[in-house]
Amino acid sequence: MQDGGRVTKGGEGGARSSCQRGCEVHQSSGMSQVRVRFAPSPTGFFHIGSARTALFNWLYARHTGGTFILRIEDTDKERNSEAFLNLIYDSLTWLGLNWDEGPRVGKHGGGDFGPYRQSERSDVYRDYVQRLRDAGRAYEKDGAIWFKLEGERYEVFDEHRKKTVTKVKGPPVVIEDRIRGRVERVEDEDFVIVRSDGNPVFHLVNVVDDIAMRVTHIIRGEDHLSNTSKHVRLYEGFGVTPPAFAHIPLILKQNGPGKMSKRDQGALIEEYQRRGYLPEALVNFLCLLGWNPGDDREKMPIDDIIRLFDLPGVNQSNARFDDKKLAHMNMAYLLELPADRWVAQARELFGRQTGSAVAQAALAADAGYFREVMLLSQPKVKGLEELSAYTAYFFTEAYAVDPKVREKVMAKGDPKARLQEVLDALPTMDLTSDGAIEEALKALAAQRGLGFGDYQAVVRLALSGTNVGPSITGMIRVLGRERVLARLQRFLADG
RNA sequence: GUCCCCAUCGUCUAGCCCGGUCUAGGACACCACCCUUUCACGGUGAGAACCGGGGUUCGAAUCCCCGUGGGGACGCCA
């Protein structure tokens, strides 16, 4: 942490004093181990906002040498689904956000504070509710159990909800947020903690589990900031000092108003996985939405991010999602992907395109050939997504010839003559390396006082049907003598 | 409506805490040029911001207040 000067922004100091960062790091080697949790509910697709919340918790745990807990908040029986639950596991795993405690850890699943699915923790909640009732802090009404706030009660008509409600006069809740500083909020209505059907409510189970699982830092979206006053009152009701809170900014949708939701374009993690995005690129991008290392670095290995990440470095303002920047980040990672991984990634992507004849042909092709084609394309494509379209003509003879390109290429010079010359020279040409091919073509051109360029466009057109692609020499080398010969002949014959 | 949070290029952000070094830095996107006889990558350059108004101060992007704008929360959802 050589950049000790970078500490807080905004606020009057207070919660974000200069000691924070230092203290935190020392804690990791001392008595108070950091314990953070990610607590999703399996009620919908896993989206980018959830992923970032998980990521920030994970980063903080790794930065401090603490524990990252995964807890499944499945108290909403109506909306839970096993498919969504599996999606949470899969997405976190894909992103590389491994959890130390939670379901599916080790052989048996767990840690010392399980079970980690709230649907299996009813006994715990019953105990804690009883404690509140014994202390006179909970009561029954309309079949539900309510948490009782301390203070003088009075009735008032709520215009917004169009009904009379009972309010409680009490001191405001003070939250010392690690990102926002001091926040005060009045909590002035009793609230339900157990539904009339006997099921506990989010606020209750969330707090109870954070107590029971010894969570030290709650890092969550800012949309929870207004719940925090309820939670703090609950901690007080249990006689427990609340953990540290850190409310991170929200991700806003790319276009239009509001925060990103599951329905928005680009919101689903699953989608990126399917489209062949690299998880490390997505993670890197997500880190930069609301956090930065304090200097100009953007593309960074995850170990560097872990080392540099800290709560005081998290921004306070919401960030708008930008798919262009994500795509750029992804390309940067793609470009330096080791050959084996790149080829494997490509194979996986093609494998998912079960409806595409070209994709199937690519998979059926010789493995060495497939590899050569992919390596030739790696430095050229903008994303894995366009790879199948970009390489299609390597795997089928039925590739389309772009009529506009054809018209343009055939318009000047005598392209057919050039093609015939290449065709004539081809049987004896050295095709073992790009360099040799380039030499041969240049020699051919020199004989007629022409340039390499006089051959390139038309050969490319004949071989691929387009005017974009890998270098022409590489294309000839990879396609091989037979294919090249056949394609040039066919092109000449077709007129 | 009530409460809470936030406010630097179109977007992500540095700078703000500890006011002068800011004619406000970087990245994405956009445009131009160079590299390359394709397309990309890469390189160079251009345009592009301190929300408004008051205050404090010799001096404010930086501190304070008010407006405005954006966001969130107001469920027997999580």
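The sequence lines fix the lettering, A, B, ..., with proteins before strands; numbering per chain opens at 1.
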Are any side-chain N or O atoms of A:D74 and backbone N or O atoms of A:Q118, one a donor and one an acceptor, separated by less than 3.5 Å? yes
Do the side chain of A:K324 and the base of B:rC28 come within less than 3.5 angstrom through a donor-acceptor pair of N or O atoms? no
Only residue of A:Q316, A:H247, A:R182 satisfying side-chain hydrogen bond (donor to acceptor under 3.5 Å, both in side chains) with A:D177 is A:H247
For atom C1', what is the distance between B:rA14 and B:rU8, given to the nearest Å? 10 Å
Determine whether any donor atom in the side chain of A:R185 lies under 3.5 Å from an acceptor atom in the base of B:rC4, or the reverse, and answer yes or no. no
Is it true that a side-chain atom of A:D310 and a backbone atom of A:P312 form a donor plus acceptor pair closer than 3.5 Å? no
Using atom C1' in both nucleotides, what's the gap between B:rA7 and B:rG52 to the nearest angstrom? 12 Å
Below 3.5 Å, does any donor atom in the side chain of A:K325 face an acceptor in the base of B:rA27, or the other way round? yes
Only pairs with both distances under 3.5 Å count, Watson-Crick or wobble alike; so what is the partner of B:rU2 in this structure? B:rA73
Work out how far the C1' atom of B:rA49 is from that of B:rG69, and round it to whole angstrom. 16 Å
For the residue pair A:Y89 and A:W99, does the interplanar ring angle fall in the parallel (under 30°), tilted (30 to 60°) or perpendicular (over 60°) class? parallel
When only distance counts, do a donor and an acceptor, one from the side chain of A:S196 and one from the base of B:rC76, lie under 3.5 Å apart? yes
Is there a Watson-Crick or G-U wobble partner for B:rC17 with both distances under 3.5 Å, and if so, which one is it? none
